[in-house]
*Asks:* 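Structure in structure tokens, see below.
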Amino acid sequence: MEADSKPKKSGARLCCVCNQNRAALKRPKTLEQICRECFFAVFEEEIHQVILENQLFKPGERIAIGASGGKDSTVLAYVLSELNRRHNYGLDLFLLSVDEGITGYRDDSLETVKRNELQYGLPLKIVSYKDLYGWTMDEIVKMIGLKNNCTFCGVFRRQALDRGAALLKVDKVATGHNADDIAETVLLNILRGDIASFNSEFINIRFSLWLMLGCQNLNKFSTYAYFKKLDYFSTECIYSPNAYRGFAREFIKDLERIRPRAILDIIKSGEDFRISTTTKMPEQGTCERCGYISSQKWCKACVLLEGLNRGLPKLGIGRNQGLNSDGKKDRKRDSRTPSIESKQCGSLEF
């Protein structure tokens, strides 16, 4: 048999976009096999189109990017800075980080953020629990233990981001949340019987939701960070193993193995929730102590902080009674508000 009649071995698949380079991954959304360079271009262009279609930014706006040093916030900072330069959005971008005071974790991740500041040319602002509240998470964990520590961290972190944004005088805060984070929050609200939070939380995360999920690809940020060889921090928080959110995360992952669209379906369900018109909803006001947004006389952060300072760390946790404006227990009313675990535990940091 002649040599040219032998069957030829099939070579590597070529990118279906450029048809020149070797395919490096398959897009879950379209099942197309594309190369790295085309993936970068498609990924960035889709985010650009989402920004334009939803009018997320206006020229001259000041935007703070919540930067933890993790892959999601790092990709967000890199892509926004690139698109801002390439398409002339006219935005003033800043990195905003929160130092919770977790030795061996946050101090290391902040070193990554400081490198990102130089790499992307974005000014960095760091606000710390110690400066804002007089406590670090290390000190809080020593008092409260590992059972409810994420409640403290989440409540304090959410307020710290808002206070940092106020210091920077920004118009919007962009956070690096992905579909998994949002689906977990929907499930946690259901498990806690806290359906009322759907109204407020989905309004607050709309900016992140559209920006992060424009492509509806659940793993793109991880892939982008890996292929781009971005400088990010990947260690989990040392205090998060017992977080309630972790159980929701495992459940959702099991669902995803059975039905890949499960995460998007959960998010859609959360958006479609409607609260009965006869249900009495909490009215938004301001904390009498610190002036922060609150539906009670004292915001959740002030209640938790009062408990720490008085040596009663479980004050304000779960269904425990809260405090009235005189600093006394309010036995007539349950001032419970939903706890928002920190991004390190996989939750939303608005």
Side-chain angles (χ1 to χ4, degrees), residues 39-58 61-87 89-98 106 109-110 112-127 157-158 160-162 164-165 168 170-185 204-234 267 342-344 346-350:
F39 167 67
F40 297 150
V42 170
F43 177 81
E44 294 164 3
E45 180 60 23
E46 287 186 348
I47 292 181
H48 172 59
Q49 291 303 320
V50 169
I51 291 173
L52 294 181
E53 292 170 5
N54 295 278
Q55 300 179 348
L56 295 182
F57 305 122
K58 296 179 182 178
E61 283 187 327
R62 296 167 63 89
I63 308 295
I65 301 171
S68 66
K71 65 179 184 306
D72 292 334
S73 64
T74 300
V75 170
L76 180 62
Y78 174 81
V79 172
L80 274 185
S81 61
E82 283 295 303
L83 294 180
N84 186 43
R85 175 188 55 79
R86 184 184 307 165
H87 298 288
Y89 291 157
L91 305 176
D92 290 328
L93 300 177
F94 302 85
L95 297 178
L96 175 59
S97 295
V98 177
R106 182 53 70 207
S109 70
L110 284 177
T112 301
V113 177
K114 291 175 183 177
R115 292 195 299 270
N116 293 157
E117 175 188 15
L118 300 176
Q119 293 163 352
Y120 308 148
L122 302 178
L124 170 64
K125 175 67 177 178
I126 301 176
V127 292
R157 183 178 179 82
R158 177 175 181 172
L161 278 171
D162 284 347
L168 288 172
V170 298
D171 300 291
K172 296 173 182 174
V173 178
T175 56
H177 294 112
N178 54 42
D180 301 56
D181 299 325
I182 300 171
E184 289 161 13
T185 297
N204 286 330
I205 67 176
R206 179 66 62 180
F207 174 76
S208 294
L209 180 64
W210 280 113
L211 186 58
M212 306 299 283
L213 301 184
C215 314
Q216 293 191 3
N217 186 327
L218 307 185
N219 301 311
K220 277 191 173 182
F221 273 66
S222 298
T223 306
Y224 188 90
Y226 175 76
F227 282 159
K228 274 285 185 180
K229 295 182 170 55
L230 298 183
D231 185 1
Y232 63 90
F233 185 79
S234 58
I267 294 173
S342 67
K343 170 68 171 173
Q344 285 69 42
S347 89
L348 303 181
E349 46 189 43
F350 307 130

*Asks:* Please identify each residue that fulfils salt bridge (Lys or Arg N to Asp or Glu O under 4.0 Å) with Lys114, with sequence neighbours left out.
*Replies:* Glu111
*Asks:* Which residues pass the salt bridge (Lys or Arg N to Asp or Glu O under 4.0 Å) test with Asp171, not counting sequence neighbours?
*Replies:* none
*Asks:* Can you sort out the partners of Glu44 under salt bridge (Lys or Arg N to Asp or Glu O under 4.0 Å), two or more places apart, ordered by chain and number?
*Replies:* Arg86
*Asks:* Run the side-chain contact (heavy atoms from CB on, under 4.5 Å) test against Ser97 and tell me which residues pass, sequence neighbours left out.
*Replies:* Ala67, Leu110, Val113, Leu124, Ile126
*Asks:* Test your reading of the model: is there a side-chain donor-acceptor pair from Ser73 to the backbone of Ser68, 3.5 Å cut-off?
*Replies:* yes
*Asks:* Nearest 0.5 angstrom please: Leu56 CG to His48 NE2, how far?
*Replies:* 11.5 Å
*Asks:* Got a second to check how far Lys172's NZ is from Leu91's CG, nearest 0.5 Å?
*Replies:* 8.5 Å
*Asks:* Listed by chain and number, what are the ring-ring contact (aromatic ring centres under 6.0 Å, His included) partners of Tyr78, not counting sequence neighbours?
*Replies:* Tyr120
*Asks:* Within this structure, what is the CG-CG distance for the pair Asp72 and Leu76, rounded to the nearest 0.5 Å?
*Replies:* 8.5 Å
*Asks:* Please enumerate all residues that pass ring-ring contact (aromatic ring centres under 6.0 Å, His included) together with Tyr226, with sequence neighbours excluded.
*Replies:* none
*Asks:* Residues in side-chain hydrogen bond (donor to acceptor under 3.5 Å, both in side chains) with Arg115, at least two apart?
*Replies:* Thr112, Asp231
*Asks:* With sequence neighbours excluded, what pairs up with Glu45 under the salt bridge (Lys or Arg N to Asp or Glu O under 4.0 Å) test?
*Replies:* none
*Asks:* With rounding to the nearest 0.5 angstrom, report the CG to CG distance, Asp92 to Asn84.
*Replies:* 8.0 Å
*Asks:* For Lys71, which residues count as a side-chain contact (heavy atoms from CB on, under 4.5 Å) partner, sequence neighbours excluded?
*Replies:* Ser222, Ala225, Tyr232
*Asks:* List for me each residue that meets side-chain hydrogen bond (donor to acceptor under 3.5 Å, both in side chains) alongside Ser109, sequence neighbours excluded, and say none if there are none.
*Replies:* Arg106
*Asks:* Atom CG in Leu80, atom CD1 in Ile63: separation rounded to 0.5 Å?
*Replies:* 8.5 Å
*Asks:* How are the rings of Tyr89 and His87 set to each other: parallel, tilted or perpendicular (split at 30° and 60°)?
*Replies:* parallel
